[in-house]
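First the structure, which I've put down as structure tokens, then a few questions once you've had a look.
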Amino acid sequence: AKVLRYLSRFVKDSKITQILKAQKDGAPAVEPPSPLMKMMGYFSVVMQSRQHCLLGDYHSCLKVLDPIMGAEGDGTSETKPTGIYVRVPICYVTLFYHAGFAQLMARRYVDAIGTFQSALLFIFRNRLVSRCDQLQKWSDKLLALLARYIRDGDGKRGVHVMRQGPIPAGSWGVGMLTRAGLLAQRI
């Protein structure tokens, strides 16, 4: 409870929600107290979403992420995301992992698949730039969640959505998703 209180305080003091809403609406920019506080606000929003996921409060996780995901789009579009979280690959993957997991648990399956696809695409594009073993671990987690959904969930609809999703047929994504399907058969 203390951790969530501290994170909420950072979000409030950094004015990050007002900054992101102003960006989304095209209103005059709200000035953060300092650049450090703006970064702390972003970090606090991402960590709040993580805490809510760990506590099993998935709707609160999505509500906390709404300023970031709402200001930047859901990440599944063809446009390039421009948020601060794009600068740090682990932050991007963590953000999209927790958003996708919360969407999956909230039974928003199509949104979850799109979010996971965006994270996997980001990992693939950045794997040569940042040679971080953690990115491979995150991609394995994301593939395992997709495979689990294909096996346990409404798999036929999930496979259809993945084939029609933002990753074009014939690209690396089909191989990754086939791998997820093979994982689903083994689980």
Side-chain angles (χ1 to χ4, degrees), residues 1-106 108 111-139 141-142 145 166:
K2 273 189 174 183
V3 173
L4 282 173
R5 254 196 320 260
Y6 286 130
L7 292 173
S8 297
R9 183 65 183 213
F10 277 129
V11 169
K12 182 180 176 188
D13 290 347
S14 69
K15 301 180 184 176
I16 194 69
T17 53
Q18 293 91 345
I19 292 168
L20 292 171
K21 282 182 184 178
Q23 281 179 355
K24 181 181 177 183
D25 299 337
V30 176
E31 289 295 317
S34 70
L36 175 67
M37 285 301 290
K38 184 177 178 182
M39 293 291 191
M40 289 296 292
Y42 258 96
F43 174 78
S44 297
V45 169
V46 173
M47 290 299 107
Q48 273 184 326
S49 73
R50 181 178 181 268
Q51 287 295 318
H52 285 299
C53 262
L54 289 173
L55 294 173
D57 191 1
Y58 306 112
H59 294 287
S60 292
C61 173
L62 294 173
K63 186 177 178 185
V64 164
L65 288 178
D66 188 50
I68 291 178
M69 302 299 273
E72 302 298 334
D74 60 351
T76 60
S77 65
E78 296 296 324
T79 60
K80 186 176 179 182
T82 58
I84 293 175
Y85 59 86
V86 176
R87 295 180 196 167
V88 182
I90 296 297
C91 182
Y92 183 94
V93 175
T94 300
L95 174 71
F96 277 70
Y97 174 80
H98 289 104
F101 188 78
Q103 290 167 340
L104 189 68
M105 298 307 288
R108 292 174 43 191
D111 294 337
I113 288 172
T115 303
F116 289 149
Q117 280 182 344
S118 295
L120 285 168
L121 184 61
F122 183 82
I123 290 170
F124 179 75
R125 287 181 179 163
N126 291 302
R127 72 176 178 194
L128 299 176
V129 176
S130 63
R131 297 181 180 161
C132 183
D133 290 336
Q134 282 186 323
L135 285 180
Q136 182 60 41
K137 290 177 185 176
W138 279 105
S139 73
K141 282 182 180 182
L142 290 165
L145 277 172

Checklist entry - More than 12 foreign heavy atoms under 6.0 Å from CZ of F43: is that the case here? => result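 Incorrect, the count does not exceed 12.
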
Next on the checklist: Is any side-chain heavy atom of Y58 closer than 4.5 Å to one of H52?
Outcome noted: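 They are not in side-chain contact.
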
Next on the checklist: Working to the nearest 0.5 angstrom, can you tell me the gap between L55 CG and L4 CG?
Outcome noted: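 The CG atom of L4 is 6.0 Å from CG of L55, to the nearest 0.5 Å.
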
Checklist entry - Which value, rounded to the nearest 0.5 Å, describes the distance between D111 atom CG and M69 atom CE? => result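 Answer rounded to 0.5 Å: 9.5 Å.
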
Item to check | K21/D25 salt bridge by N-O under 4.0 Å criterion | outcome: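 Salt bridge absent between D25 and K21.
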
Next on the checklist: Any non-hydrogen side-chain atom of V46 less than 4.5 Å from a side-chain atom of C91?
Outcome noted: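 When only atoms from C-beta onward are counted, C91 and V46 do touch, with a gap below 4.5 Å.
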
Checklist entry - In terms of ring plane angle, is the pair Y92 and F122 parallel, tilted or perpendicular, where the classes change at 30° and 60°? => result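 If you compare the ring of Y92 with that of F122, the planes turn out parallel.
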
Next on the checklist: Could you measure the distance from the CG atom of L95 to the CZ atom of R50? Nearest 0.5 Å is fine.
Outcome noted: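 Interatomic distance, L95 CG to R50 CZ, rounded to 0.5 Å: 13.5 Å.
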
Next on the checklist: For the CG atom of L62 and the CG atom of D57, what is their distance to the nearest 0.5 Å?
Outcome noted: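 Those atoms lie 9.5 Å apart.
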
Item to check | Side-chain heavy-atom pair P67, V45 within 4.5 angstrom cut-off | outcome: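 Side-chain contact under 4.5 Å: no.
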
Checklist entry - Taking it one step at a time, do L104 and T115 satisfy side-chain contact (heavy atoms from CB on, under 4.5 Å)? => result CA-CA 10 Å; L104 189 68; T115 303; over 6 Å; no

Next on the checklist: Once rounded to the nearest 0.5 Å, what's the spacing between atom CE of M47 and atom CG of L54?
Outcome noted: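 Here the rounded value is 9.5 Å.
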
Item to check | Contact check, side chains of C61 and L65, non-hydrogen atoms, under 4.5 Å | outcome: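 The answer is yes, as the side chains (C-beta and beyond) meet within the 4.5 Å cut-off.
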
Next on the checklist: Set out, in order, the CA-CA distance, both residues' side-chain angles and the distance that settles side-chain contact (heavy atoms from CB on, under 4.5 Å) for I19 and Y42, then state yes or no.
Outcome noted: CA-CA 11 Å; I19 292 168; Y42 258 96; over 6 Å; no

Next on the checklist: To check you understand the geometry: which heavy-atom pair defines the closest contact between T17 and V11, and what is its length?
Outcome noted: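 Heavy atoms only, the tightest pair is CG2-CG1, 4.0 Å.
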
Checklist entry - Just wondering, do C53 and H98 contact through their side chains at under 4.5 Å, heavy atoms? => result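 Yes, side chains in contact.
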
Item to check | Beyond-backbone contact of I16 with P32, side-chain heavy atoms, under 4.5 angstrom | outcome: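 Not touching, per the 4.5 Å side-chain cut-off.
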
Item to check | Between CE on residue M37 and CZ on residue F10, distance to nearest 0.5 Å | outcome: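 One gets 6.5 Å once the value is rounded to the nearest 0.5 Å.
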
